[in-house]
Amino acid sequence: MTCVRLFRVRFAAGAALGAAAFGPAAVAADMAIKAPAYRTIYNWTGFYVGGHVGYGDGTLGPGTNPLPEQGVFFPPTITGGIGGFQVGYNREFANRFVLGVEADATFTSPLDQARHARQMPAPFNGTIDYVGTLRGRAGYSFGTWMPYLTGGFAWGHSRVRVNAAGDGVISDPGQYQTGWTVGAGAEFALSGNWTAKIEYDYIDLSRRTLGLGDFGMPGVTIDPRIHLLKFGLNYQLGDSPWSATPQQAALPESNDWNVHAQTTLLPQGYLNFRAPYTGTNSLPGAGQLQQTWTTTAFLGVRLWDGGEFYFNPETAQGFGLNGTLGLAGFSNGEAQKAGAAYPKIRPQRYYFKQTIGFGGEQEEVADGPNQLAGKRDIDRLTIIVGRFAIGDFFDGNSYAKDPRADFMNWAMWASAAYDFPADLPGYTRGAVAEFNRKDWAVRAGMFQVPGAPNSDILAFKTGGAVVEFEGRYSIFDQPGKVRVGVFGNRGNTGNYRQALAIEGFDPTLDINGVMAGIRKDNLKYGFYLNGEQQIAKDVGVFGRLSWNDGQNEILSFTDVDRSVSGGLSVKGSYWGRPNDTIGIGGAVNGLSAAHRDFLAAGGLGLLIGDGALNYRNERIFETYYAYSLNKNVTLTADYQFMTNPAYNADRGPVHIFSGRLHGEF
């Protein structure tokens, strides 16, 4: 095999991750290239597993009225941005030819609401949920890179969304279709056992007709022809992926980039409870069971000294209880407001981070999700620009922060009265600046807000801001932290008292229609107090207090105007299982007088609205036990008891039981 000179993987990884983020590969092209003084022999034989993202387009056939799906930086198409997973095996022969087989699944993006709203209404809309392939690959090795051709069997799932005469969907029939695929690509060795690839696939699925006679319409013929451009990463497992001996890295490792992943499956259900009446957004009295499943890749690359770029594509599938409606302190932190029956891909995070050190004492930074290993100055200024969750940088807490690992209820892992700006999955775009010293830090941010309450469209016209102070201290040599934040959002919302006054003047008016008609740029402001204290080794307590003015509609998070929460977290070292955790906590949520009067008059909030209201504070008790199966996988049992769900003493209480299977890699 011909020997080749390796370029430093910073260049290759930067190019691969930049391409995966739908565009900024030019940044990687400007990075310095260093040629190590060694040569290596690379062999492509072995199993591999990986993931991909990209962009697609195509057609579902004439007269199918395809739904536009989000393209992020590109126009919406029948697929929009794409992403998924692959697994395969290669065999390299002595003549450098490489033969292999690969199976993959590719998921499409969520609906582009803005573009869909501008389309002419149609009686139905076609859409494609996902495509899968089982393909052969034939390539030729040039050492650390390999061009290849690919082709084989393909399948997919399409649906036709039948629309109501007014607004809404009355049916969503679907069908499976099979066909074939051809394509070409190139794969490149990066560092360690990681390779990157770029690939084009054409997918042709069989023509099938879906009958719509039950809706008074003729059948619609779905005839998918799809073009996909993929950027992927593969981890090479070697010839024996089930061996107890780890595969030796094919190339030197690099600290200039990293890859991590998580997956979380969270089933949740409740038993029948007292519900003498039920409104539009009520939790139904009859028990039900739902589940959510998310899978996230965390990719990071060091661009220059102190400069980093992070990209987190994520697939999400499933629904919260009742479609994430009926509780202000909602019971599942993984339940997005935009649930889907099949996984949908979003680039949840893509942001640049620049750290400016001021010298002096340094601290170690461990390798982790969205964190590159190395050292940094304790006295530093950090600037972040891009798309992220506000909770990534604000309102942190060591014991109650991550519904994938600790408490699940929204009022436990966040300051519930902080109506933080976010789209439906909980992310926004903006900028954060943090000044850090050894014993304290100050951070501030400005962000986009949704165009209207519960909207998936982030607007540039208005915005939100938050400033947080964090103090670090010790009591009897036990560390603690306190965080104080003040926030303000200006968004397109209505005023509760104004809506009530208009409806009171003319009781024939629908108060929700009135509220929608009076929306304008209004301000919501408030504060939060967040504390944590270790009281013994592996034992800690925490608490949060939050408040907002409660005069205008909630824009992004949930229907809470004041909240207090707290609890206890204990690691399992006390009973011989140091990686297990038990948590016990509770929360009390409340509303302003104007907000409760609006709901009592039949108003609907983001998540709640029973049509009437016998107001009491919403009270939540939660306890969980997280059992570590191994260093990567944790199984959790969780119980929540909720009295006065959605602040209504006429309904409930509700007993909610949850499981959670969480893996980190």
Side-chain angles (χ1 to χ4, degrees), residues 1-21 24-25 27-53 86-88 90 92 98 139 141-148 185-199 230-239 241 245-261 297-313 353 364-375 664-665:
M1 177 181 294
T2 302
C3 295
V4 296
R5 186 174 299 275
L6 293 179
F7 291 109
R8 185 173 175 132
V9 297
R10 180 182 300 183
F11 175 78
L17 298 184
V27 175
D30 293 334
M31 291 186 287
I33 303 172
K34 297 181 180 180
Y38 59 80
R39 295 174 179 270
T40 188
I41 302 296
Y42 192 86
N43 191 285
W44 292 92
T45 295
F47 293 90
Y48 61 89
V49 62
H52 60 271
V53 295
Q86 67 267 355
V87 61
N90 291 320
E92 181 175 342
V98 179
S141 172
F142 290 92
T144 55
W145 75 284
M146 176 186 66
Y148 61 87
E187 193 161 356
F188 309 86
L190 296 179
S191 67
N193 287 343
W194 289 99
T195 63
K197 72 171 184 177
I198 180 172
E199 180 178 296
K230 304 175 183 175
F231 303 92
L233 287 174
N234 288 325
Y235 187 80
Q236 305 296 323
L237 299 170
D239 245 344
T245 304
Q247 171 73 11
Q248 183 177 359
L251 294 175
E253 300 285 354
S254 171
N255 288 327
D256 289 331
W257 72 290
N258 67 3
V259 180
H260 291 272
F298 304 92
L299 294 85
V301 60
R302 201 184 318 275
L303 303 174
W304 50 75
D305 186 22
E308 300 161 9
F309 175 72
Y310 295 98
F311 175 54
N312 296 174
K353 177 180 177 181
E364 291 286 343
V365 179
D367 178 80
N370 292 338
Q371 187 169 283
L372 293 168
K375 290 186 176 182
E664 295 182 355
F665 309 95

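Because only heavy atoms are used, hydrogens play no part in the values below, and waters and symmetry mates are left out as well, while side chains stay in.
- Between the CE atom in M146 and the CD atom in E187 there is a gap of 5.0 Å [rounded to 0.5 Å].
- The two residues V53 and P313 make their nearest non-hydrogen contact at CG1-CB, 3.6 Å.
- Side-chain atoms of E92 never come within 3.5 Å of backbone atoms of N43 as a donor-acceptor pair (strictly under, hydrogens ignored).
- Looking at H52, its side chain never comes within 3.5 Å of a backbone N or O of F231 through a donor-acceptor pair.
- Evaluated for a side chain to side chain contact (heavy atoms under 4.5 Å, CB included) with L372, the options V301, N258, V365 yield exactly one hit, N258.
- Between F311 and F309, the ring-plane angle classifies as parallel under the 30° and 60° cut-offs.
- Here the straight-line distance linking atom CZ of F47 with atom CG of D239 works out to 7.0 Å at 0.5 Å rounding.
- For A196 against L190, the heavy-atom pair with the smallest separation is CB-CD1, 3.8 Å.
- Of all heavy-atom pairs spanning F298 and P369, the tightest one is CG-CB, 3.7 Å.
- Between Q86 atom CD and N234 atom CG the span is 4.5 Å, to the nearest 0.5 Å.
- Note that CG of L303 and CD of E308 are 8.0 Å apart. Values are rounded to the nearest 0.5 Å.
- Of the residues listed (Y42, W44, Y148), the one engaging S141 in a side chain to side chain contact (heavy atoms under 4.5 Å, CB included) is W44, and it is the only one.
- Here the closest heavy-atom approach between residue P252 and residue S191 is recorded as O-CB, 3.2 Å.
- Among residues two or more places apart in sequence or in another chain, the ring pair (Phe, Tyr, Trp, His ring centres under 6.0 Å) test is passed with Y48 by none.
- Ring orientation note: the planes of W194 and W257 are nearly perpendicular, at an angle over 60° on the 30°/60° scale.
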